[in-house]
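Presented below is the structure to which this report refers.
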4 protein chains.
Amino acid sequence: MFIELDLQSETPLYEQLINQLIEGIASGALKPGDPLPSVRNLAENLGINLHTVNKSYTLLKQEGFLQVHRKKGVIVQPDAMPGVTAEFEAKLFRQLRSLAAEAAVRGMTEEAFVKQCRRLYGDTLMKRGGDGQ
Amino acid sequence: MFIELDLQSETPLYEQLINQLIEGIASGALKPGDPLPSVRNLAENLGINLHTVNKSYTLLKQEGFLQVHRKKGVIVQPDAMPGVTAEFEAKLFRQLRSLAAEAAVRGMTEEAFVKQCRRLYGDTLMKRGGDGQ
Amino acid sequence: MFIELDLQSETPLYEQLINQLIEGIASGALKPGDPLPSVRNLAENLGINLHTVNKSYTLLKQEGFLQVHRKKGVIVQPDAMPGVTAEFEAKLFRQLRSLAAEAAVRGMTEEAFVKQCRRLYGDTLMKRGGDGQ
Amino acid sequence: MFIELDLQSETPLYEQLINQLIEGIASGALKPGDPLPSVRNLAENLGINLHTVNKSYTLLKQEGFLQVHRKKGVIVQPDAMPGVTAEFEAKLFRQLRSLAAEAAVRGMTEEAFVKQCRRLYGDTLMKRGGDGQ
DNA sequence: GTGGTCTAGACCACC
DNA sequence: GTGGTCTAGACCACT
């Protein structure tokens with residue numbers, strides 16, 4: 001498993017897990033239709049409680065990234081992934097604006113900031129070639 | 001006052017306040033050496049608790065964005081703003097990676113993502129010319 | 001076979017099966033006295049477990065929609081279908097009230113709601129004329 | 001409190017609670033902006049666990065029926081209620097079709113069925129005059 | 001064995 | 001005081 005949680009972090013475990021699963025999908029490590037580990041299994045591997053994993057899975061299901069399949073258990077959305085919803089745009093907007101403002105105040109130039117953005121988007125996907133579909 | 005808090009938001013009030021003050025500095029609405037409203041005053045204007053404003057100010061002072069001035073009270077850092085610390089880089093990295101991954105999964109192209117990043121950085125600074133509307 | 005199960009649905013398979021068989025009877029696709037596929041056969045065709053089909057049949061027999069026939073195996077109730085029992089009325093009441101309330105809150109007018117109800121009842125029976133496509 | 005849970009029912013407690021809260025909104029007993037009891041408080045009154053109430057509230061928040069207000073606690077959506085989404089239409093369709101089919105097979109006429117639908121929609125709203133806005 | 005539900009008790013952040 | 005998070009342990013329905 002490629003997942004690593006930071007027990008000291010201030011971001012909740014279930015949220016870290018959500019982020020890492022989405023990154024897994026983005027990178028191609030998790031492909032549409034792939035089965036995920038069972039809640040119990042993953043919880044044990046990560047050394048956390050079953051309910052915490054369950055919460056992450058549930059939220060990802062509600063968002064449409066995951067599905068429960070009656071035979072395969074929990075799987076990655078095999079059909080269309082959720083698109084760019086208004087909620088996501090709002091979240092993106094809010095978070096980017098804060099980050100950009102702080103970066104600017106701290107003296108980071110626009111080019112440095114944008115370069116970092118591009119790099120992180122690219123990193124995410126680059127692994128696809130070596131690893132995914 | 002250019003500050004607007006969203007009582008329905010999931011972001012804590014003190015954090016919203018921090019963000020908006022930093023955005024105010026980035027845009028030039030708040031310039032180095034400018035005095036900020038007193039804790040009591042701002043709390044009253046925003047209709048929130050003293051403690052909340054206090055917490056925001058304290059954290060911003062700790063980070064080096066604000067200072068206490070004998071006569072003017074709390075002012076915007078008149079000397080060098082805090083630079084790009086390791087903590088900030090880590091935060092930037094973590095948050096951007098999550099956002100980029102989700103954007104990618106949702107089908108947002110790299111160009112669209114980067115464009116949005118640049119736009120939000122630019123928006124922040126553009127107001128500087130106008131000197132703080 | 002006119003039955004289609006959704007493995008991603010939150011409704012249990014045995015319940016989906018029950019619903020579709022009742023809809024089959026309602027539409028006339030299954031007529032009183034008609035034999036049903038054997039448990040084994042149907043399970044194989046649908047790609048699901050024997051137990052699941054068995055559970056559906058058993059419950060439908062208990063309710064009186066199906067019967068066991070010495071020679072034909074399981075058949076559709078050839079005599080009087082079960083009537084409007086107190087249990088059914090209670091279920092109908094409970095579910096309709098919830099749906100109606102949510103529809104109302106979501107801004108669906110009474111006429112739109114009732115129209116939908118009538119349409120779905122009508123759809124079910126209209127196929128009867130065609131005798132079970 | 002107007003809420004009554006059936007501990008024997010096969011429908012989960014949190015779902016019963018959700019339904020009753022929506023019915024409360026539909027009837028006008030709960031008006032936009034009204035504060036709801038705290039999770040602890042309601043849980044105690046209903047004799048169930050805090051987490052069960054929490055789950056109901058959380059789901060209703062996600063759907064947009066409720067909001068957390070930083071000062072008033074949990075309140076009924078003060079702005080626009082969620083409209084008729086595709087998911088709701090699908091749910092309505094699925095459930096009504098099953099109910100209609102079973103009603104038809106049990107010998108309930110279209111008029112009797114539709115009348116019941118209209119009655120339950122009406123009941124829900126009628127209380128508004130006496131009780132609500 | 002799976003996911004789903006419920007309970008119980010604890011700690012924390014926020015206001 | 002509030003809601004949010006996490007843990008622990010239990011039972012059930014479904015396949």
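Note on naming: letters A, B, ... go to the chains in the order of the sequence lines (proteins, then strands), and numbering restarts at 1 for each one.
Side-chain atoms of B/S27 come within 3.5 Å of backbone N or O of B/G24 as a donor-acceptor pair. No donor-acceptor pair closer than 3.5 Å links the side chain of A/R97 to the backbone N or O of B/E23. Of the possible polar contacts, none joining the A/Q95 side chain to the B/Q95 backbone as a donor-acceptor pair under 3.5 Å is found. Under a 3.5 Å cut-off, the side chain of C/Q77 and the backbone N or O of C/G64 do form a donor-acceptor pair. Formation of a donor-acceptor pair under 3.5 Å by the A/N19 side chain with backbone atoms of A/Q16 is not found in this model. Under a 3.5 Å cut-off, the side chain of D/Q67 and the backbone N or O of D/V76 do not form any donor-acceptor pair.
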Please assess D/L66 against D/L36 for the test side-chain contact (heavy atoms from CB on, under 4.5 Å), listing each intermediate value before the final yes or no. CA-CA 9 Å; D/L66 301 183; D/L36 273 71; 4.0 Å; yes
Determine whether B/T11 and B/D6 satisfy the following criterion, side-chain contact (heavy atoms from CB on, under 4.5 Å), listing intermediate values before the conclusion. CA-CA 9 Å; B/T11 344; B/D6 179 3; over 6 Å; no
Worked check of side-chain contact (heavy atoms from CB on, under 4.5 Å) between C/L60 and C/L17: CA-CA 10 Å; C/L60 285 169; C/L17 188 45; over 6 Å; no
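Counting non-hydrogen atoms of other residues, nucleotides and ligands closer than 6.0 Å to CD of A/E15 gives a total above 12. Residue-environment remark: CD (C/Q8) exceeds the threshold of 12 foreign heavy atoms within 6.0 Å.
Within a heavy-atom distance below 4.0 Å of DNA chain E, the residues of residues 56-79 of chain D found are D/R70. Taking a 4.0 Å limit (strictly below) on heavy-atom distances, residues 11-20 of chain A reaches DNA chain F at A/P12, A/L13, A/Y14.
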Can you run through DNA chain E from 5' to 3' and write each base as (, ), [, ], | or . depending on how it pairs? Watson-Crick or G-U wobble, both distances under 3.5 Å. ||||||||||||||.
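Along DNA chain E, the nucleotide closest to A/L36 and the one closest to D/I48 are compared, and the more 5′ of them pairs with A/L36. Each of D/V39 and C/N49 has a nearest nucleotide on DNA chain F; the 5'-most of these lies closest to D/V39. Along DNA chain E, the nucleotide closest to B/T52 and the one closest to D/T52 are compared, and the more 5′ of them pairs with D/T52.
Sorted by first then second residue, the side-chain hydrogen bond (donor to acceptor under 3.5 Å, both in side chains) pairs that include residues 46-66 of chain B, not counting sequence neighbours, are A/R106-B/E63.
Bounding nucleotides for the chain C contact on DNA chain F, 5' to 3', at a heavy-atom distance below 4.0 Å, are F/dC14 to F/dT15.
With sequence neighbours excluded, the residues forming a side chain to side chain donor-acceptor pair (under 3.5 Å) with A/K91 are B/E102, listed by chain and number.
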